[in-house]
Amino acid sequence: MRLRSLGVALASTAALITLPVITPSSAAAADTNLSQGRTATSSSTENAGTPAAAGVDGDTGTRWSSAATDDQWLQVDLGTTASINQVVLTWEAAYAKDYKIQSSADGNSWTDLRSVTDGDGGTDTLTVSGQGRYVRMQGIHRATPWGYSLWEFQVFGTTGGTQPGTCGTANAAQGKTSSASSTENAGTPASAAFDGSDSTRWSSQASDPQWLRVDLGSVQDLCKVDLNWEAAYARDFQLQASADGQNWTTLKTVTGATGGRASYDVSGSGRYVRVLGTARATPYGYSLWEFAVHTGTGGTPPVEGGGDLGPNVIVVDPSTPNLQQKFDQVFTQQESAQFGSGRYQFLLKPGTYNGINAQLGFYTSISGLGLNPDDTQINGDITVDAGWFNGNATQNFWRSAENLAITPSNGTDRWAVAQAAPFRRIHVKGGLNLAPNGYGWASGGYIADSKIDGTVGPYSQQQWYTRDSSVGGWTNGVWNMTFTGVQGAPATNFDSGPYTTLDTTPISREKPFLYLDGNDYKVFVPAKRTNARGVSWPANAGTSLPLSQFYVVKPGATAATINTALAQGLNLLFTPGVYHLDQTIDVTRANTVVLGLGLATIIPDGGIDALHVADVDGVRLAGFLIDAGATKSDTLLRIGPAGAAADHSANPTTMQDVFIRIGGAGPGLATDSVVVNSDDVVIDHTWIWRADHGEGVGWETNRADYGLRVNGDDVLATGLFVEHFNKYDVLWNGERGRTIFFQNEKAYDAPNAAAITHDGIVGYAAYKVADTVNEHEAWGLGSYCNYTSDPSIVQHHGFQVPVRTGVKLHSLQVISLGGKGQYAHVVNDTGAPTSGTDTIPSKITQFP
C-alpha cells in the first residue's frame, strides 16, 4: 500500500481533475485503438488494486502502478503484428520523467520507437512508426518518489486482419523434457513437476539461485504459467523464456510471493521456459508439485527453424546422374549475367567426384559439405576464366568456392577472378593459376584458410591478399601482393617488387559454413584465433549449430518474418535469391549468425537501411550482397548504434564476404554504405563498390558519398576493397584501427576537379584517417585513378593521415591507370607524383 500526505493526495486529485478527455488526434482517428482490452503484463505492480490490465481497460478511473524503482515497464500484447503510428499515455500524478516506447515481434527483443526525456506528465500523444505485436512503455527515470502510474496506455495503428489467438487451456509442458540446476535427491527429479501429478514434486538444493526448466519441443507463443508450490516455495523469482536454452528473456518478475497455487499471465515466445528462483521463503530449497505452461491458439504461429534449402540450392553426391550437365546448365545461364537475378549454390556431399569441371559464372557458389575440405575430393577442376569478356578477367565478380579439395586435371587449377570472389578453405593438390587464359588483365582477389600444394601464379593479377594459408610457392605479381599468416609466402620486397608479408594475422576467425553431420545439416562457427598462421583445419576449433536454430530464408520471405525469426532467437540462413525489404533487418542478439548461400542479395526499398546490428558480442555476418535501392538509404549496413562503446575484444562481431553494391543493376543511392560504430569488429574480406558500369550509373544517379566509415575503436580490416565513392572511400575515426591490404579505385565519373575539391584539396583521399586519431596502422595499400570523364584531374593524394608517432602506414602506392588523371602525392604532401600513361606506381615503403 502506498501512503501519501494530504498535500500529495491533493496534487493527485488536481491532476485527476485536469485530465483531458482521451481522444486520439486526427492523425490516428482513422486507425484503431489496438490495445484496449488486450492482455497486459508489467515488470511489477504496486498492489493488487493497480494491475497491468487496468492500464488498457479503457477506464480512466482505474490505473496501473509499479513498484517504486526506475527500471519498470508496462507491456501490451496486441494479439497480432500491427503497424503502429501513435501511442497515447495518460499519466497519473506519479509519472515518468524519461521513458521509451518500444515494440517487439515476440516480447523478447525490443526496438525503440520513441524516446521521451524531461516529460511533464499529463497526457503524452506520441507519433511513432514501427511494427510489432508487443508494445511497451519502458520507464527509465521517475519524476516522483513513487513508481510509474498510468490511467491508460493506448496504441493506435492497423493490422493485417489476422485475428489474435486465445490462451489455451492445455498444459504444453506436461510430459516434456525437463532439467534443473539441482535436485534435493533422486526422489525429487525435475520431471516430477511436469508429470501432471500433484503428489510428486521437484525440489532443489537449499541455496540461491536455482532453476527448473522445460523444453516445449518448438518455439511456442506463451500466454500463462501456473505454479503449484510445495511448502518450500520461492519468495522472489522470475519466469523466463528462451529460443535456444542459452539466452533468456524475463517474462515476469515476482517478489514477495506467498506460495501455494498461482497463475501468471505472460506474453512472449520461446521453446524453453523456466522458473528462476532468486530468494527462498524457507531454509529449504525450492519445491514445485507442478509447473504448467499455456500457449496461444489461433493466432499467428511462431517462425519455425530448419526445413529444406529452397529451389536454388543444388545438392549432389558422386552418384548424381548428369552432374556435369548440371554444372554446365547453370554456367551457361550465369556466365555473362553480371547484373542478372539468378542465384545458385552447389553443395557437394562428402565423397570423390571424378572427371568434372565446375565452371563458375556470376552469383554461383560451390561448397563441400564435409567438416573438412578433404572430405570432398574433386578429381577435376573448379574453373573461372574470362572467355565471356574476351579474355579480360577484371569483371569476374560475385562467385565463390569453399571447403573442398581439388586435384586439377592438368596439375593446375584456374581461378581468374576480380573482386568479391573468395577462395576459402580449399585444398589444391597441385598449382593455382590466378590469370585468365591468354594472361589478359585481372584485378582480384582473396584466398583464406587454404592449402595450395603447388605454386600460385598470379601473373596478370594487379593485386591479391592471402591470409592464414600455406602455399608451395608464389611467382611474380603486378602491384600489390599481401600475405599474413601464410606458410611459404615470399618475403617482403615492396621497395622493389609487389610483396608485403606479415608472419601472422593478429586476429582472425574463419567464416561460418554449412556441413552435413550424418543426414543433418549444421552450421559450423569457427573460433577466434590470435596471431594465426596456416589453415584452421582439421583441428576445427569452434561450435556447431543445428539447422533447426536457423530461419531458412527463401525467396518471397518478408522482412517482418525475418525480424520475427530474429526476435525469437533464430539465426538466419539466406538461400540463393534476391530479397526486397520494406523494413530494416535488426540483429539484436549476441552471437547471431546471418549466413548467405549463392550470393543471396538484399535490397532495401523505400529509403530504409538494409541491416542494423546492435552493440552486442559475436555476431557473424557472412556470404551475402547488399544492393542499394532506388530511394536513397542513409546507411546500408550499420554495425552498432552511434556512440556504441561496449568491449567486444573477447568475442568480436565479424563481417566476412559481405559485399555492397550501389548501382550497376539499376539506380542505387546511399549516403553511407557501411558504418562500424562498435568496437573490436573484424572486417574480413569485403568489396564495397559504387558501380562504374552497368545500368543506373552516373555521378548523381548512383551517388554514395562514403564507402566505409569506422567510428569504433580497435577495428581490424583484413582484405578491404572499396571503390569509386563520391567522397571518401574509407573514413576512419576510431582509435587503434588496423588495415591489412587495401585496394581502391577513385570514382571514374568525377565530372571535373571542382566537383571533388574540398578544404582547398583536389580529390577526396581514398583512405583518410581522421585528424583526431592518435593510433592507426595499415599495410599493403593501393589507390588507382582512372578519371575517364575528365583525364586532366590531378588528385592531391591517395591517402591522408595525421602525422603522429602512433599513426603508421607500410607499403602504400598510387597509380594512374593509362594516364587518365594523376596523383600529385602518395600520402598527405609526401611521395612522388604519377605521370604519363605507363601505369608505374609511385610508392612509399613506410610513412612517416
Side-chain angles (χ1 to χ4, degrees), residues 70-71 73 96-104 109-119 126 128-130 136-141 563 566-567 583-592 594 604 607-621 626 633-655 658 660 670-683 688 705-717 727-728 730-739 768-776 802 806:
D70 279 334
D71 185 14
W73 49 261
K97 182 179 72 172
D98 304 324
Y99 65 94
K100 293 180 178 181
I101 301 299
Q102 300 175 312
S103 68
S104 172
S109 299
W110 294 89
T111 298
D112 293 345
L113 301 181
R114 185 75 178 265
S115 294
V116 176
T117 57
D118 293 323
L126 307 176
V128 298
S129 178
R136 74 178 179 185
M137 185 287 299
Q138 172 66 61
I140 300 173
H141 299 118
N563 278 328
L566 286 169
Q583 297 177 27
T584 301
I585 296 175
D586 281 308
V587 178
T588 60
R589 180 175 56 87
N591 300 312
T592 298
V594 181
I608 63 168
D609 293 359
L611 196 155
H612 288 170
V613 178
D615 192 28
V616 295
D617 274 357
V619 173
R620 276 79 158 181
L621 308 176
I626 298 176
S633 295
D634 178 68
T635 304
L636 294 175
L637 170 60
R638 189 188 76 195
I639 299 176
D647 180 0
H648 306 295
S649 56
N651 185 14
T653 285
T654 51
M655 171 185 166
V658 174
I660 308 293
T671 300
D672 279 289
S673 302
V674 177
V675 174
V676 176
N677 292 316
S678 288
D679 294 345
D680 307 296
V681 171
V682 176
I683 303 169
I688 303 171
D705 287 347
Y706 303 101
L708 172 66
R709 190 197 299 258
V710 178
N711 299 319
D713 295 336
D714 301 293
V715 172
L716 170 66
K727 293 185 179 179
Y728 293 113
V730 172
L731 176 57
W732 208 295
N733 298 306
E735 286 288 354
R736 296 175 301 280
R738 289 176 291 180
T739 293
K768 175 178 170 62
V769 178
D771 295 342
T772 55
V773 171
N774 293 303
E775 294 182 51
H776 188 92

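Note that this is a predicted model, so its numbers are computed, not measured.
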Applying the side chain to side chain contact (heavy atoms under 4.5 Å, CB included) criterion to V676, which one of N711, L708, L637 satisfies it?
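So the option named by the test is L708.
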Where do [X] and [Y] come nearest, in terms of heavy atoms and distance?
X	Y	answer
A614	P641	C-CD, 4.3 Å
Y99	G139	CB-CA, 4.1 Å
D118	D98	N-OD1, 2.9 Å
I660	S673	CG2-CB, 4.0 Å
V773	G734	CG2-O, 3.7 Å
G640	N677	O-ND2, 2.8 Å

Any donor-acceptor pair under 3.5 Å linking the side-chain atoms of [Y] with those of [X]?
X	Y	result
D617	H648	yes
D586	N563	no
D615	S678	yes

So how far is it from [X] [atom1] to [Y] [atom2], rounded to the nearest 0.5 Å?
X	Y	atom1	atom2	value
K727	K768	NZ	NZ	13.0 Å
K100	M137	NZ	CE	13.0 Å
D705	L731	CG	CG	11.5 Å
T653	I683	OG1	CD1	11.0 Å
T111	I101	OG1	CD1	13.5 Å
T671	D609	OG1	CG	9.5 Å

With the side chain counted from C-beta on, respond yes when [X] and [Y] share a heavy-atom pair under 4.5 Å apart, and no when they do not.
X	Y	answer
P652	V681	no
L636	P604	yes
N591	R620	yes
D680	D647	yes

Dump the intermediate steps for side chain to side chain contact (heavy atoms under 4.5 Å, CB included) on D71 and Q138, then the final yes or no.
CA-CA 7 Å; D71 185 14; Q138 172 66 61; 2.7 Å; yes
Using the side chain to side chain contact (heavy atoms under 4.5 Å, CB included) rule, take I639 and L621 through it: C-alpha gap first, then chi angles, then the decisive distance, then the call.
CA-CA 10 Å; I639 299 176; L621 308 176; 4.2 Å; yes
Is the side chain of E735 donor-acceptor paired with the backbone N or O of E775 at a distance under 3.5 Å, no angle test?
yes
Within the side chain of T584, is there an N or O that forms a donor-acceptor pair under 3.5 Å with the backbone of L611?
no
Listed by chain and number, what are the ring pair (Phe, Tyr, Trp, His ring centres under 6.0 Å) partners of W732, not counting sequence neighbours?
H776
Applying side chain to side chain contact (heavy atoms under 4.5 Å, CB included) to L566 and R589, what does each step give before you reach the verdict?
CA-CA 8 Å; L566 286 169; R589 180 175 56 87; 5.8 Å; no
